[in-house]
Amino acid sequence: LSERCHREAFHILGDAGSAQPWPSRSTAVAAARCTHALEAIANRCLAAALRGARMPSARQLREMDLGPSVLDAFHYLGSPATADFGRVHGDATNLARDGMAGATDFTRAGLVELNGSHSGNCREEEVLMHEHLDPGFLTLEPRASAAGLQVLEGQVGEWRMIEPELGPGDIVVLACEALQRVTNGAIQGSLHRVVSVGGQPRHSLAYELRGLDPSAFSIGSERMRRADLGEALDV
């Protein structure tokens with residue numbers, strides 16, 4: 001993160017079980033629904049990317065030491081002039097209540113429309129999260145509440161702003177380091193970063209496929225069953 005970045009994050013591990021803290025039961029259910037829905041899409045994307053080749057073996061996974069898959073919820077606070085701190089709790093409540101639908105609600109609202117080109121030569125002081133590759137196989141990000149995600153287009157060497165090109169239900173799929181490794185470089189990792197656009201606050205979700213075991217969640221000692229999580233799993 002840059003020194004100018006003010007960000008809140010909620011980090012959810014796919015194998016934490018009873019050790020995972022939750023602010024509420026509804027948040028736990030919503031996070032599980034989001035994770036399972038995105039995980040199913042990620043596994044299908046990984047199978048398509050491998051083009052019939054075998055999934056990474058247990059030995060390969062141990063050697064890569066990636067750990068479990070993760071879901072992260074991010075709130076970039078924005079500049080003091082534009083940040084609506086009273087809205088943060090409402091957005092979190094929508095996410096908790098509606099799962100993937102709640103994520104779509106707050107990502108649909110307030111999407112920043114950019115004038116002119118969608119590529120960007122962003123000044124260094126506007127970068128919030130510096131360019132990087134995620135360590136897993138794939139990262140999936142539903143459209144965020146405001147523009148800010150940029151991906152480096154390798155052929156032209158320019159940063160491309162992603163959100164203005166997405167519809168409300170669209171998801172960005174980023175290739176990560178582990179996929180680059182298991183395909184021997186045939187699929188290159190997606191170098192990306194997050195920038196500030198007009199100092200707007202930004203809410204986003206990111207699911208990163210690291211392990212290939214299904215994520216499982218508990219609320220204390222109570223294990224959440226997939227059958228209890230509703231239609232969000234039907235993807």
Side-chain angles (χ1 to χ4, degrees), residues 1-12 34 38 70-92 94-95 102-136 138-177 179-180 187-210:
L1 297 178
S2 76
E3 294 180 356
R4 293 173 59 86
C5 180
H6 300 282
R7 188 185 78 175
E8 298 173 318
F10 187 48
H11 185 63
I12 300 165
C34 287
L38 293 172
V70 298
L71 178 72
D72 288 298
F74 297 121
H75 171 219
Y76 292 87
L77 273 63
S79 67
T82 60
D84 185 356
F85 297 102
R87 199 171 154 253
V88 175
H89 181 266
D91 287 332
N94 286 340
L95 173 60
T104 302
D105 286 345
F106 80 64
T107 55
R108 183 186 301 117
L111 180 70
V112 176
E113 297 293 342
L114 301 182
N115 295 321
S117 173
H118 291 160
S119 63
N121 294 319
C122 188
R123 297 193 307 272
E124 179 65 24
E125 63 267 27
E126 295 175 324
V127 175
L128 300 179
M129 175 179 281
H130 294 291
E131 60 192 63
H132 64 285
L133 291 176
D134 294 334
L138 294 167
T139 294
L140 275 63
E141 298 191 21
R143 191 182 73 169
S145 64
L149 176 63
Q150 291 186 328
V151 174
L152 185 66
E153 291 191 334
Q155 293 183 344
V156 294
E158 292 183 355
W159 290 101
R160 188 174 187 87
M161 191 73 76
I162 299 300
E163 281 92 359
E165 303 182 26
L166 302 179
D170 290 344
I171 295 174
V172 179
V173 179
L174 302 171
C176 304
E177 285 184 301
L179 182 58
Q180 179 174 305
I187 297 178
Q188 292 291 306
S190 303
L191 197 64
H192 58 286
R193 67 184 184 182
V194 177
V195 301
S196 174
V197 179
Q200 291 292 319
R202 183 175 186 269
H203 298 85
S204 64
L205 290 172
Y207 169 79
E208 186 180 346
L209 182 68
R210 295 182 180 179

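Atom set for the values below is all heavy atoms of this structure, side chains included, hydrogens, waters and symmetry mates excluded.
Atom CG of Leu174 is separated from atom CG of Leu149 by 6.0 Å, given to the nearest 0.5 angstrom. Here the straight-line distance linking atom CZ of Arg7 with atom CG of Asp72 works out to 7.5 Å at 0.5 Å rounding. With rounding to the nearest 0.5 Å, the separation of CD in Glu153 from CH2 in Trp159 is 11.0 Å. Distance check, rounded to the nearest 0.5 Å: CZ of Arg143 to CD1 of Ile162 gives 13.0 Å. Rounding to the nearest 0.5 angstrom, the gap separating the CG atom in Leu179 from the CG atom in Asp134 is 12.0 Å.
Counting only residues at least two apart or in different chains, salt bridge (Lys or Arg N to Asp or Glu O under 4.0 Å) contacts with residues 198-208 comprise Glu163-Arg202, Glu208-Arg210.
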- Task: Before giving the answer on side chain to side chain contact (heavy atoms under 4.5 Å, CB included), spell out for Phe10 and Ile12 the whole-Å C-alpha distance, their side-chain angles and the decisive distance to 0.1 Å.
- Result: CA-CA 7 Å; Phe10 187 48; Ile12 300 165; 3.7 Å; yes

(Q) Please determine whether side chain to side chain contact (heavy atoms under 4.5 Å, CB included) holds for the pair His130 and Arg193, giving the CA-CA distance in whole Å, both sets of side-chain angles, and the decisive distance to 0.1 Å. (A) CA-CA 5 Å; His130 294 291; Arg193 67 184 184 182; 6.0 Å; no

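Residues Pro142 and Leu140 share a closest heavy-atom pair of CD-O, 4.0 Å. Residues Asp170 and Glu165 approach most closely at OD2-O, 4.5 Å, considering heavy atoms. Here the shortest heavy-atom pairing between Leu133 and Gly189 reads CD2-C, 3.4 Å. When all heavy atoms of Cys34 and Leu205 are compared, the closest pair comes out as SG-CD1, 4.4 Å. Closest non-hydrogen pair, Ala144 versus Ser204, comes out as CB-CB, 3.8 Å. Between Gly136 and Cys176, the shortest heavy-atom contact is O-CB, 2.7 Å.
Remark: side-chain polar atoms of Ser145 are paired, donor with acceptor, to backbone N or O of His203 under 3.5 angstrom. For Ser2 (side chain) and Val127 (main-chain N/O), a donor-acceptor pair under 3.5 Å exists by modelled atom type. Although no hydrogens or angles enter the test, the distance criterion places no donor-acceptor pair under 3.5 Å between the side chain of Glu8 and the main chain of His75.
At least one side-chain heavy atom of Leu38 sits under 4.5 Å from a side-chain heavy atom of Ile171.
In terms of the ring pair (Phe, Tyr, Trp, His ring centres under 6.0 Å) criterion, residue partners of His132 (sequence neighbours excluded) are, by chain and number, His192.
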